[in-house]
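Lettering of chains follows the sequences in order, A, B, ..., and the numbering in each one begins at 1. Since we're looking at a predicted model, the values are computed, not measured.
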Amino acid sequence: VPRVRPHITEPYGQPLHISITHKGRLAAAIAASHPVGIDVETIEARSDNFLALAFSAEELELLPSHGREEWIARAWAAKEVVGKVAGTGLRANPRAFRLEAIRQQRICVNGLWVDTLKRQNEVIAWRGEEDV
Amino acid sequence: MSFTVDPAIIREISAVIREAVAEDWIQQFEISADTSFNEDLELESIEFVTIAAGLQQHFGVQVDLIGWLSTKAFEELIALRVGNIAEFVADSLNAGGRQS
């Protein structure tokens, strides 16, 4: 279910896009002159039903089998990031945000590359550059 | 909005929601048929999907919740209340022979 995107309430003088996220004790934010997105998710076991709702069979095949729970969290967070860049959020439809490729720690969703990083039991995903 | 649904099904759904969200506030939060997933519970996408997966697991194959949700437009999904899910669960169980 979507969140309203954050609004800047005081004048700044030039175009500014922001994205914010928090989970547990970890919070992160990103800002740039173009649309950006950032998301934090917890690494934890997810049920088969969860996976069926969130990912297609093709997407699941892309995920490395080693560190499965970590990569599921990275992939979900990458979808959230692209939803935030689009300005809509996931619109309760994570499968509409399609995982297309994984290169090292970067994940491509709907043609946009997202950086991901594991930090203790959380993953952080973000897109700050316009062209990567 | 009013729902005519079996309170036992509301209790089952509430238990799945509390387990899926797993935070202190939800344990005290009064969940009824009128409770809105978006406005009252303010769920994140990942929590909503976790709840849907938990409900599918709880009610089993007789209730094709995942299939039913996949037919819903975005506007319908964000308007969903616990009672809407309870009605679908009750209809599915009755169709399959379980008395509710």
For B:E75, is it the side chain, the backbone, both or neither that has a heavy atom under 4.5 Å from a heavy atom of chain A?
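For B:E75, the side chain is the part near chain A, not the backbone.
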Answer whether the closest heavy-atom distance between the side chains of B:N38 and B:L43 falls below 4.5 Å.
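No - every pair of side-chain heavy atoms lies 4.5 Å or more apart.
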Point-to-point distance, once rounded to the nearest 0.5 Å, from CG of B:D91 to CH2 of B:W68:
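The CH2 atom of B:W68 is 9.5 Å from CG of B:D91, to the nearest 0.5 Å.
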Is the closest side-chain heavy-atom distance between A:K79 and A:V82 below 4.5 Å?
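Side chain of A:K79 against side chain of A:V82, heavy atoms only: no contact under 4.5 Å found.
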Does B:Q56 reach the main-chain N or O of B:L65 with its side chain, forming a donor-acceptor pair under 3.5 Å?
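Pair found, side chain donor or acceptor close to backbone of B:L65.
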Interface residues of residues 45-63 of chain A facing chain B - non-hydrogen atoms under 4.5 Å apart
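At a heavy-atom separation under 4.5 Å, chain B is reached by A:R46, A:S47, A:N49, A:F50, A:L53.
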Pair A:D115, A:R106 - check salt bridge (Lys or Arg N to Asp or Glu O under 4.0 Å), show working.
CA-CA 5 Å; A:D115 287 290; A:R106 305 176 80 197; 3.3 Å; yes
Would A:R74 count as a cation-pi partner of A:W71, with NZ or CZ less than 6.0 Å from the six-membered ring centre and within 45° of the ring normal?
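Verdict for A:W71: a cation-pi partner in A:R74.
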